[in-house]
Amino acid sequence: MVKQSTPVKNYRAQAFLQMGLLAGILLFENSIASFVFTRFNLTDDKRFTLTEQSKNLVGGLKDVVYIKVYLEGDFSPGFSKLRNATKELLDELRIYSKGNLEYEFIDPSAHPDEKERKSIYAQLYQKGIQPTTLEERTKEGIKRTYIFPGALVSFANVEMPALLLKSQLGVSPELMLNNSIQNLEFEFCNVIRKVTNPARPAIAFLEGHGELDTSRVADLANELRASYELKRVVIGGRLDALKNFKALVIAKPDSAFDEKDKFVIDQFVMSGGKLVWLIDPMQVSMDSLQQRGEMIALARDLKLEDMLFRYGARVNYDLVQDLISSLIPVVTGMVGSQPKQELLPWYYFPVMSPRSKHPIVNNLNAVKGQFVSSIDPIDAPGITHTELLTTSQYTKLSPAPVRVSLGVMQYKPDPAMFPQKYVPVAMLLEGSFTSLYKNRIPPAIAESKEIGFKEKSVPSAMVVIGDGDIARNDMYKGSPVALGFDRYTNTSYGNKSFLLNVMDYLCDDAGLMEIRTKEFRLRQIDPAVTESDTQPLRVLNVSLPILIILLFVSRGYGSN
């Protein structure tokens, strides 16, 4: 009996020793972890690693930022993935915020009373979170999900929406969700920066040269007011007209600039001011075409060619035709006494899907243009060029004067007639710009202390766009329609997001726009494989854990 009990005691002692050793190791690791904070990300695309800009932003919070996320409910796997990614990101941000970031997930459809639910929906819509319907293909067919993919970020008395789902035309739901997940960090950090930063940069919308009036840029202006101070400015030859403004928007002027106004704009750029040019160098309008059926588009001399050339770009006197274009209603015949209308592609309204990975256009929805002109980069010392928007691979350029006729839609398009491709129509210029007036003004002006003439700018940036209508919203019954919304096809294009990104990039002192370059790989399961091999996979998933447990149990009995 004594010989049989000794091995059992030794076995128990060994087990207690191992448990004590394990507990000691855990206590030691916890004590180390309480003094040293570090996190390991083993994913190859580093999707769980925050950028230094994000860490610095939330690490510098002085008070609590509260976030209500309305992405909760019974979702499809795709939206569940977006919800989980949102939660993981907020967990990461909360850790680096030192307790100054809190959040909760809310299901806006959870209330049992239908009237109350509709009231919640209306409140979210008014606060900028629009519902969406996402179509996903399942085994049972097409599944439509009605949800509010957004969040409200609050700090002190300021509240702003964060939009978690980024719509993109022509993109699969899986890729759209993946791109939205990529954008989460930028979206939250950008909104957190805005609600916690009371200082808002000032932006001027130029007047005095036939620019778009307040009603035609109303939707864009309303969005910009959440982050910037806006003012409409007439230069009128005043040297200090643009003083204290961070950026200047010149939206679709139709009359020539005089040298006094150009000098003020030039010196604004030389002082580091940011500039957005939305230029229509051709005289053509849809109203005239609908009245007459055709017209001759002529060049419009705005007297800006020399200025843009010196800065590094040329907006050409031509019109773009593109096979990838939006639709307009056209009378194609008569049904009885009533005209028959059809929606046909209008090649002068190109739909431009950004190809660049630049933060301004990364994962951006397609942008709709109207009578667009091409842009050439011009060699300028110290200036770099980045194409932001281009046409498609089926493009035709027609130099001025151009005969524009609605009759072109009667014929089936021949791709061979659209030989150019990827023509730039929006371009970012960055660097130290040279003044248009260098060596062109008398010494009395160049040396005047009151004027303070500068012939070279500090590092700065400007965006040149060969279409003024990209910023123009339509009107319906006297009220502005959302910028980029096409009432004929009920399609929302990315015009507003594009211009907001342009302004955020130009005025971004915190460098947050760089976060938008993060890219996650889309790992998709082959549906054909999953359909054919469903049963073996299910059997393996259920039986493998049980087999592993039985294996260890049998080894334990064998040892005893």
Side-chain angles (χ1 to χ4, degrees), residues 200-214 217 220-221 224 228-281 300-315 378 380-383 427-465 468 471 499 502-503 506-507:
R200 296 189 298 174
I203 296 175
F205 274 69
L206 192 64
E207 285 187 350
H209 314 87
E211 291 87 353
L212 294 174
D213 62 26
T214 53
V217 294
L220 175 63
L224 288 173
Y228 305 96
E229 295 286 346
L230 298 190
K231 190 175 181 180
R232 298 188 70 89
V233 174
V234 177
I235 296 178
R238 293 180 295 119
L239 289 173
D240 62 349
L242 301 177
K243 187 179 180 182
N244 300 325
F245 285 104
K246 182 85 171 184
L248 174 66
V249 179
I250 302 177
K252 198 178 180 178
D254 64 7
S255 55
F257 285 62
D258 61 32
E259 290 301 321
K260 291 181 180 177
D261 282 3
K262 288 168 63 177
F263 181 83
V264 174
I265 294 172
D266 176 84
Q267 290 303 293
F268 172 72
V269 173
M270 295 306 114
S271 299
K274 309 300 192 302
L275 198 48
V276 181
W277 303 90
L278 291 135
I279 302 298
D280 273 351
R300 174 187 283 130
D301 187 8
L302 298 171
K303 305 294 184 186
L304 293 174
E305 190 173 8
D306 55 349
M307 201 170 189
L308 288 167
F309 192 90
R310 176 61 64 93
Y311 295 156
R314 177 172 54 216
V315 183
I378 304 297
I383 300 300
M427 192 169 291
L428 170 68
L429 312 182
E430 294 177 286
S432 294
F433 298 95
T434 301
S435 169
L436 172 65
Y437 297 95
K438 179 182 179 181
N439 302 324
R440 288 182 54 185
I441 54 176
I445 295 178
E447 297 170 3
S448 168
K449 291 184 178 178
E450 181 182 352
I451 295 175
F453 174 74
K454 297 181 178 64
E455 63 178 28
K456 197 77 174 178
S457 82
V458 297
S460 188
M462 64 176 68
V463 171
V464 183
I465 304 169
L499 292 174
V502 164
M503 201 54 68
L506 293 180
C507 299

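This one's a predicted model, so the numbers in the text were calculated from it and none came from an experiment. Both backbone and side-chain heavy atoms feed into the values below; hydrogens, waters and symmetry mates do not.
Taking CZ of F268 as the start and NZ of K454 as the end, the distance is 12.5 Å to the nearest 0.5 Å. To the nearest 0.5 Å, atoms CE (M270) and CG (L436) are separated by 8.5 Å. To the nearest 0.5 Å, atom CD of residue E455 and atom CG of residue N439 are 6.5 Å apart. Taken to the nearest 0.5 Å, the CD atom of E207 stands 12.5 Å off from the CD1 atom of I250. Here K262 contributes atom NZ and I235 contributes atom CD1; the two are 12.0 Å apart, rounded to the nearest 0.5 Å. Once rounded to the nearest 0.5 Å, the distance linking CZ of R314 with CG of L308 reads 11.0 Å.
Residue Y228 comes nearest to M503 through the heavy atom pair OH-O, 3.5 Å, listed as atom of the first residue, atom of the second, then distance. Smallest separation of non-hydrogen atoms from I445 and F453: O-CB, 4.1 Å. Shown here for V315 and P281, the closest heavy-atom pair between the two residues is CG1-CG, 3.6 Å. Nearest heavy atoms, L206 versus R232: O-NH2, 4.3 Å. Contact detail for A471 and L278: the closest heavy-atom pair is CB-CD1, 4.0 Å. Heavy-atom minimum distance, A247 versus C507: CB-SG, 4.1 Å.
At least one donor-acceptor pair under 3.5 Å links the side chain of S255 to the backbone N or O of H209.
Of the N and O atoms on the side chains of K456 and S435, not one donor lies less than 3.5 Å from an acceptor on the other residue. In this model, no donor atom of one side chain and acceptor atom of the other lie less than 3.5 Å apart for Y437 and Q267.
No side-chain heavy atom of S460 sits under 4.5 Å from any side-chain heavy atom of L429. By the 4.5 Å heavy-atom criterion applied to side chains, F257 and I265 are counted as neighbours. Side-chain atoms of L275 and F433, non-hydrogen and from C-beta on, never get closer than 4.5 Å to each other. Looking only at side-chain heavy atoms (C-beta outward), D254 and D280 stay at 4.5 Å or farther from each other.
Other residues, nucleotides and ligands contribute only 12 or fewer heavy atoms inside 6.0 Å of the CZ atom of F309. More than 12 heavy atoms of other shown residues, nucleotides or ligands fall within 6.0 angstrom of atom CD in E430.
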Decide side chain to side chain contact (heavy atoms under 4.5 Å, CB included) for E229 and N244; before the verdict, give the C-alpha distance in whole Å, the side-chain angles of both, and the deciding distance to 0.1 Å. CA-CA 11 Å; E229 295 286 346; N244 300 325; over 6 Å; no
Set out, in order, the CA-CA distance, both residues' side-chain angles and the distance that settles side chain to side chain contact (heavy atoms under 4.5 Å, CB included) for V233 and F245, then state yes or no. CA-CA 10 Å; V233 174; F245 285 104; 3.7 Å; yes
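Salt-bridge annotation for D266 and R310: absent, with no side-chain N of the basic residue lying under 4.0 Å from a carboxylate O of the acidic one. A salt bridge links K303 to D301: one of the charged nitrogens lies within less than 4.0 Å of a carboxylate oxygen.
Just one of L304, L248, V463, I465 meets the side chain to side chain contact (heavy atoms under 4.5 Å, CB included) condition when paired with W277; it is L304.
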